[in-house]
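Quick notes on the structure that follows.
For this chain, numbers begin at 1 and follow the sequence in order. Order of listing sets the numbers, starting from 1, for every ligand and every atom in it.
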Amino acid sequence: MAKQLYDSIQDEIKALKEERKAIILAHNYQTGDIQDVADITGDSLRLSQEAAKTDAEVILFSGVHFMAETASILSPEKTVIVPDLEAGCSLADMVSPEAVRQWKEKNPGGVVICYVNTSAAVKAESDYCCTSSNAVQVVRHIPQEKKILFVPDYFLGSYAKAQTGHPNMEIWHGYCPTHMMIQTEDIKKKKAEHQGAECIMHPECGCLTKSMHLADKILSTEGMIRYVSESNAKKFIVGTETGILHRLIKDHPDKEFIPAADLAVCSYMKMNTMEKIVDSLENLRYEVKVPEAIAKKARLPIERMLQIV
Ligand code: SF4
């Protein structure tokens, strides 16, 4: 590929994207410059589903590793690349496929529900997948006499258990360190400082069980984006990774958004940069390809989830 001079890195990325017949996906937690250059911004599953519908030959996924795996599972014929192979997810890493297999051996007939924030290998061992917006629906679908293992997020699992009252639910003790940064005291303080602001919280938040009464709405990232468009409120306290503020502010310049915790920044998500995106498109690296034997098994829990939500 001949080196050319571009006015800006944005122009360079656009040119490379055309040349590669690529689509750029950016998760809601990416930095603003990456979100602005992306074709689609959103949460991980929707991004992979939207990309699968396109005729792009290459998917550049600016997010974390398990998200690119999901894109590979849903678009096995496309080349999926990531700007930084080290951008992983602490939450996804907290459960292994071996651990899930062991649980299934000890609990024959049990049902494994995996949050979408899991590796392809864990999905391949699971019965149902779920997202933060449909975890309650998926748990409600499982008959009460069936034993459930919910992996890996303890707070999302606890929220789904509390909402459904499912009596037979074992929840993995995994957590997202970024969402753990959001503490009840932060929310109380922000609410006192910004009277009248609506408080919207992500169900991964570590303080959720103690702070549920402080939240006006408990929503996934996409749910937050939809809700803000529909609400008449002018001020929002936002309890999730701070990257989402970029899109909220851009879409609603007339509204004010206050992060529940300024420190809620995912260092993995922020490993991706515009320069790495250029390198990734230029050299078609780093490819994430889920082997078809695993992809085939991992597609099942996703398809089962989509049948019930
Ligand atoms: Fe994983 Fe948490 Fe980062 Fe999301 S914010 S990628 S769950 S570590």
Side-chain angles (χ1 to χ4, degrees), residues 25-32 34-35 38 41-48 60-73 80 82-96 113-123 126 129-135 150-160 171-183 186 200-208 211 218-225 238-248 259-273 276 286 288:
L25 311 179
H27 188 266
N28 287 322
Y29 298 162
Q30 291 299 280
T31 52
I34 295 179
Q35 292 192 34
T41 305
D43 65 17
S44 66
L45 185 65
R46 188 178 76 84
L47 288 173
S48 294
L60 181 136
F61 207 130
S62 198
V64 295
H65 193 267
F66 78 81
M67 298 179 179
E69 282 192 330
T70 307
S72 170
I73 291 166
V80 180
V82 293
D84 191 323
L85 210 46
E86 298 298 310
C89 168
S90 316
L91 174 60
D93 288 346
M94 285 182 194
V95 65
S96 66
I113 302 177
C114 68
Y115 184 28
V116 71
N117 292 32
T118 41
S119 66
V122 166
K123 286 186 181 77
S126 302
C129 186
C130 75
T131 65
S132 51
S133 59
N134 66 29
F150 187 99
V151 295
D153 191 79
Y154 182 74
F155 301 101
L156 178 62
S158 302
Y159 174 65
I171 307 169
W172 202 257
H173 280 247
Y175 62 91
C176 161
T178 305
H179 284 87
M180 279 295 262
M181 297 279 187
I182 303 169
Q183 295 294 317
D186 296 320
I200 51 179
M201 280 178 73
H202 194 279
E204 270 178 36
C205 288
C207 63
L208 189 67
S211 311
I218 295 164
L219 298 161
S220 63
T221 52
E222 283 300 297
M224 286 181 177
I225 283 160
V238 184
T240 191
E241 213 270 1
T242 57
I244 198 171
L245 295 179
H246 176 77
R247 187 159 158 209
L248 291 172
D262 299 295
L263 291 176
V265 178
C266 175
S267 48
Y268 283 125
M269 285 280 182
K270 301 308 193 258
M271 287 172 85
N272 299 316
T273 62
K276 288 180 187 173
Y286 301 91
V288 174

Residue pair Val82 / Asn272, side-chain heavy-atom distance below 4.5 Å: no

Minimum side-chain heavy-atom gap Glu222-Thr131 below 4.5 Å: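 Sidechains of Thr131 and Glu222: no contact.
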
Atom 1 (Fe) of ligand 1: the protein heavy-atom neighbour that sits closest, reported with distance to 0.1 Å: Cys89 SG, 2.3 Å

Residue and atom name of the nearest protein heavy atom (relative to atom 4 (Fe) of ligand 1), distance in Å to one decimal: Tyr29 CE1, 4.1 Å

Modelled atom types, side-chain donor and acceptor of Tyr159 and Ser132, under 3.5 Å: no

Distance-only side-chain donor-acceptor flag, Asn28 / Glu241, under 3.5 Å: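 The answer is no; no qualifying pair exists.
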
Close approach, His27 and ligand 1, non-hydrogen under 4.0 angstrom: no

Check: Val122 main-chain N/O paired with Ser119 side-chain donor or acceptor under 3.5 Å: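 At least one qualifying donor-acceptor pair exists.
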
In ligand 1, which numbered atoms sit nearer than 4.0 Å to a non-hydrogen atom of [X]?
X	result
Ser90	8 (S)
Glu204	7 (S)
Asn117	7 (S)

Atom 3 (Fe) of ligand 1 to nearest N/O/S of Cys266 less than 2.8 Å: yes

Nearest non-hydrogen partners of Lys123 and Phe66, listed with the distance: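 Between these two residues, the closest heavy atoms are NZ-CD1, 4.4 Å.
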
N/O/S from Cys176 sitting under 2.8 Å away from atom 1 (Fe) of ligand 1: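 False for Cys176.
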
